[in-house]
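Right, one structure below, let's go through it.
The analysis underlying the following values was restricted to heavy atoms, covering all of them including side chains, and did not include hydrogens, waters or symmetry mates. Residue numbers begin at 1 in each chain, while the letters A, B, ... track the order of the sequences.
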Amino acid sequence: MGEKELRRSLSVLPIGTVMKLTNLTARQIRYYEEQGLVLPKRNEGNRRMYSLNDIDRILEIKDYLSEGMNIADIQSVFAKREAKRKREQAALSKSISDDEARRLLHKEFLNLGGLAGNNNDPFNNRL
DNA sequence: TTTCTCACA
DNA sequence: TGTGAGGA
C-alpha cells in the first residue's frame, strides 16, 4: 500500500463531519454500518472515526440508493468488487513471482557460465 | 457539545 | 428512518 492510499485509509473524521460532507443524518450513517456497508474504526471513547475512503463509500451508497437500489443490491456490488480486488491482487503477486523467477534464472545462467569458464556471456558487461 | 446505545404513542 | 432518553 502506498503512502497516498494509507492516508485515505486513516480514520480521522467524526460522524458530525461525515454528516456535513454527505448531507446524511447520523441515524442513516450508523444504519449503513449496521448493514455492513461501511466499517468505521472506533476511538478510545467508542466514537466512530471515518476515513476518506469511508466517505467515498458512503457517497456511493447514497447514489445507489437514490438510483433505486436496496441495501442487499449494494452489498452484492461491494462483495463483487472485493472479489475482483482479490483476484487482481493474486494476479499481481503472481507476476511479481514470475519476475523474481526470471531474475533467479538469469542469475543461474551467469553462474553456469562462470563454472564452465565461459567468457562469452552477452550480459557480462551490462550487469 | 458531540456522540453513543436503546427503544418506540 | 425519525426521535427522545440517559449516559460518557
TODO: Between A/Leu65 and A/Arg47, name the one whose nearest nucleotide on DNA chain C is closer to the 5' end.
DONE: A/Leu65
- [ ] Quick one: list whatever passes side chain to side chain contact (heavy atoms under 4.5 Å, CB included) with A/Asn53, sequence neighbours left out.
- [x] A/Arg8, A/Ser9, A/Ser51
Task: A/Arg30 side chain reached by A/Arg48 side chain, heavy atoms, under 4.5 Å - done: yes
Quick one: which protein N/O atoms are closer than 3.5 Å to N/O atoms of nucleotides 5-8 of chain B? Pair and distance per line, please.
from	atom 1	to	atom 2	distance (Å)
B/dT5	OP1	A/Arg42	NH1	3.1
B/dT5	OP1	A/Arg42	NH2	3.1
B/dT5	OP2	A/Arg48	NH2	2.2

- [ ] Whenever both distances are under 3.5 Å in a Watson-Crick or G-U wobble pair, mark it; put DNA chain B into dot-bracket that way, with [ ] for crossing pairs and | when the partner is on another strand.
- [x] .|.|||||.
- [ ] Find the distance A/Tyr50:OH to B/dT3:P and express it as a whole number of Å.
- [x] 10 Å
Task: Nearest-0.5 Å distance that lies between atom CD1 in A/Ile29 and atom CG in A/Leu21 - done: 9.5 Å
Task: A/Thr25 side-chain N/O to C/dG2 phosphate OP1/OP2 under 4.0 Å - done: yes
- [ ] Can you tell me the distance, in whole Å, between the NZ atom of A/Lys20 and the C1' atom of B/dT2?
- [x] 10 Å
Task: Value in whole Å for how far the C1' atom of B/dC4 lies from CD1 of A/Ile15 - done: 9 Å
Open item on the list: If you compare all heavy atoms of A/Gln28 against all heavy atoms of A/Thr25, which two are closest, and at what distance to 0.1 Å?
Closed with: OE1-N, 2.9 Å
TODO: Taking A/Lys62 for its side chain and A/Thr22 for its backbone only, find out whether a donor-acceptor pair lies under 3.5 Å.
DONE: yes
Task: Residues A/Glu3 and A/Arg7 bridged, charged N to O under 4.0 Å - done: yes
Open item on the list: Strictly below 4.0 Å, N to O, side chains only: are A/Glu60 and A/Arg57 in salt-bridge contact?
Closed with: no
Open item on the list: Could you measure the distance from the OG1 atom of A/Thr17 to the CD1 atom of A/Ile55? Nearest 0.5 Å is fine.
Closed with: 8.0 Å
